[in-house]
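Here is the naming used below: chain letters follow the sequence lines, and residue numbers restart at 1 for every chain.
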Amino acid sequence: MPRETFQHELDRLVGEIISLGREVEACLGMMVEAMEGHDAGVASRELGIDQRFKERGAEIDEECMILQARQAPVARDLRLIYTIQAVTNHLVRSGTLCEHICRAIAETADCERDPELETALLEMARGARDLFGQGLNVFEDRDIDRARDLEALDDKIDLLYSEAMNLVVNPTNSDGSPEWRMRAALTVHYLERIADHGVDVGGRTVFLVTGERMESAMRQYRERHLDDDED
Amino acid sequence: MDSEKTRKERTLSEDPERRPEVKRLQSRQPSPPVATGSEAQGITIEGLSAFYGSFKAVTDASMNIQANKVTALIGPSGCGKSTFLRCLNRMHEVIPGARAEGCVRLGDQDIYAKGSDPVKIRQRVGMVFQKPNPFSKSIYENVAWGARINGYRGNMDELVERSLRQAAIWDEVKDRLKESGMGLSGGQQQRLCIARTLAVEPEVILMDEPASALDPVSTQKIEDTMEELKKRYTVVIVTHNMQQAARISDYTGFFYIEHMGDPGRLWEFDATDKIFSNPERKETEDYVTGRFG
């Protein structure tokens, strides 16, 4: 096949981004484990990982720039490089947010917690981790049919976000130290962002495969299925 | 017999499912050309086929070429791009045994209508070839010659200067207009040929790989020239340089032959942005990404 070297470079970049994504996903898994066990040790082990994610992200970005300069990609190649750069950003940002949460867990391990809010936090954390992983799967498999499921999952996370924020502002009990409650508010926000990054990874995949923006592709998908239902 | 062939074996003409969806593609094309305030004209092509004797080189091509835009024609060698281009000013029929069928309208005029004068058509639709071909005359005469034999009665000095300026070569030759055009560099010769074409005051300029024999600096000058030219003229260019097509054109037509011996087809025609970011057809995408051809 012509352009074998270029294709090899693209394949290698995709491999790198999947590897980076799986590392971030593993980090999110440790975050959930630390939250479940109130384990400052587990959370502390993830501190500093953000810097490594950023360095790898910068390397991928640079390789994309060199490929654009040297290979003048167009059409699906151009969309792939554009998507790789965008997805890299989503992965690195998720990694950064994960480290922020791990730091909060480590620094508030001994603080008094509000059990009701903590339950909501845990549910959000598990949901955000799963959504991020599914977004990465959509990208790895180019499975855009599953991309629509991400939005449904994100709606659930958004609902939990509203509930958790309500509990932060209007606690139903006097449990939870002020410091823990403040960190919990930030954590709720970070988790919601991580879930959004997962949805965006799926959305970028829709663009990669179809050339359409997620919103447009989703609209077309819904209209197509409405037509099917009418049939 | 036909039913015994697998889908892959059937030619496009035998398998309607695999033929380009002409109606759909046409609907994506720009509206039929309308003459703008300038002299530029659009060209409407409907069902154009071109033959060399009994061999059909291009079949059933339809597109709307917009006035004051650059339209690029791309595709692998032998797919009929240049043949198609030459049909737009009746240069194709100059080759013995060659003929064209279908409708080509320059503005409102069907250039293949009975009684249509090919010489007058070529006056309105000028052409620049792959290899610079100046006459062995002075730079001035190279530009003035075409206008003179067409009976131009205006100020010839003004026409020569204007044409050379539009072709972005005036500053380089203004002090040696009496020197031979053959003494110019390849890039300058090509711009001189563009000036010669402009001096006849055409409405459309056809360019058949005008920069393929030039170095990058000369190529850049030709491309810059085209950007200026489209303000006054309609430009159609055949190019094998896809980055060039992406850089300079507003619309791109991709010509393709699926099987050796088949005629070339206009496979996809769309805005250049679309062709180079998200083309409709796989073959177009494979070609522009360099996966074949």
Side-chain angles (χ1 to χ4, degrees), chain A residues 1-14 63-87 138-139 142-145 147 200 202-221 223-224 227, chain B residues 20-21 24-25 27-28 70-79 211-212 216 219-220 223 237 239-258 267-293:
Chain A
M1 183 177 66
R3 306 201 82 179
E4 275 183 23
T5 307
F6 180 39
Q7 189 59 52
H8 175 73
E9 287 294 308
L10 289 174
D11 293 344
R12 194 176 56 75
L13 264 180
V14 170
E63 288 181 51
C64 286
M65 198 177 76
I66 290 169
L67 273 182
Q68 287 179 79
R70 296 183 62 146
Q71 300 287 352
V74 296
R76 62 171 173 250
D77 296 333
L78 182 62
R79 294 203 304 274
L80 178 57
I81 290 179
Y82 175 83
T83 303
I84 286 172
Q85 287 185 293
V87 168
V138 166
F139 175 73
R142 306 281 199 278
D143 186 353
I144 58 170
D145 279 343
D200 286 345
R204 301 285 183 181
T205 310
V206 171
F207 170 74
L208 168 64
V209 174
T210 67
E212 301 283 347
R213 294 285 168 193
M214 179 73 164
E215 300 76 19
S216 165
M218 289 299 292
R219 192 173 59 246
Q220 287 179 24
Y221 179 87
E223 284 168 2
R224 193 168 73 235
D227 292 344
Chain B
E21 294 168 47
R24 185 170 56 79
L25 287 176
S27 71
R28 297 181 62 85
V70 176
T71 298
L73 307 178
I74 61 170
S77 295
C79 65
S212 64
T219 299
Q220 189 54 54
E223 291 182 7
I237 176 173
T239 179
H240 277 126
N241 181 336
M242 265 164 310
Q243 285 306 309
Q244 182 174 67
R247 280 194 298 267
I248 63 171
S249 68
D250 301 289
Y251 293 95
T252 298
F254 171 60
F255 282 78
Y256 179 60
I257 290 178
E258 195 175 39
W267 205 252
E268 186 165 352
F269 181 66
D270 215 322
T272 297
D273 290 348
K274 170 79 174 159
I275 293 287
F276 285 92
S277 62
N278 188 24
E280 285 289 313
R281 302 180 72 89
K282 181 183 179 300
E283 293 80 3
T284 313
E285 185 148 60
D286 284 347
Y287 183 74
V288 297
T289 57
R291 294 321 196 271
F292 79 80

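R79(A) touches chain B through its side chain: at least one heavy atom from C-beta onward sits under 4.5 Å away, while N, CA, C and O do not. Contacts of Y82(A) with chain B are absent, with no heavy-atom separation under 4.5 Å from either backbone or side chain. Contacts between S277(B) and chain A at a heavy-atom distance below 4.5 Å involve the backbone alone (N, CA, C, O). Contacts of D273(B) with chain A are absent, with no heavy-atom separation under 4.5 Å from either backbone or side chain.
In the displayed structure, R142(A) atom CZ is contacted under 6.0 Å by more than 12 heavy atoms of other residues, nucleotides or ligands.
For the residue pair G211(A) and N278(B), the shortest heavy atom distance occurs at CA-ND2, 3.2 Å.
V288(B) places none of its side-chain heavy atoms less than 4.5 Å from the side chain of T252(B).
Ring centroids of Y256(B) and Y287(B) are separated by 6.0 Å or more, keeping the two rings apart.
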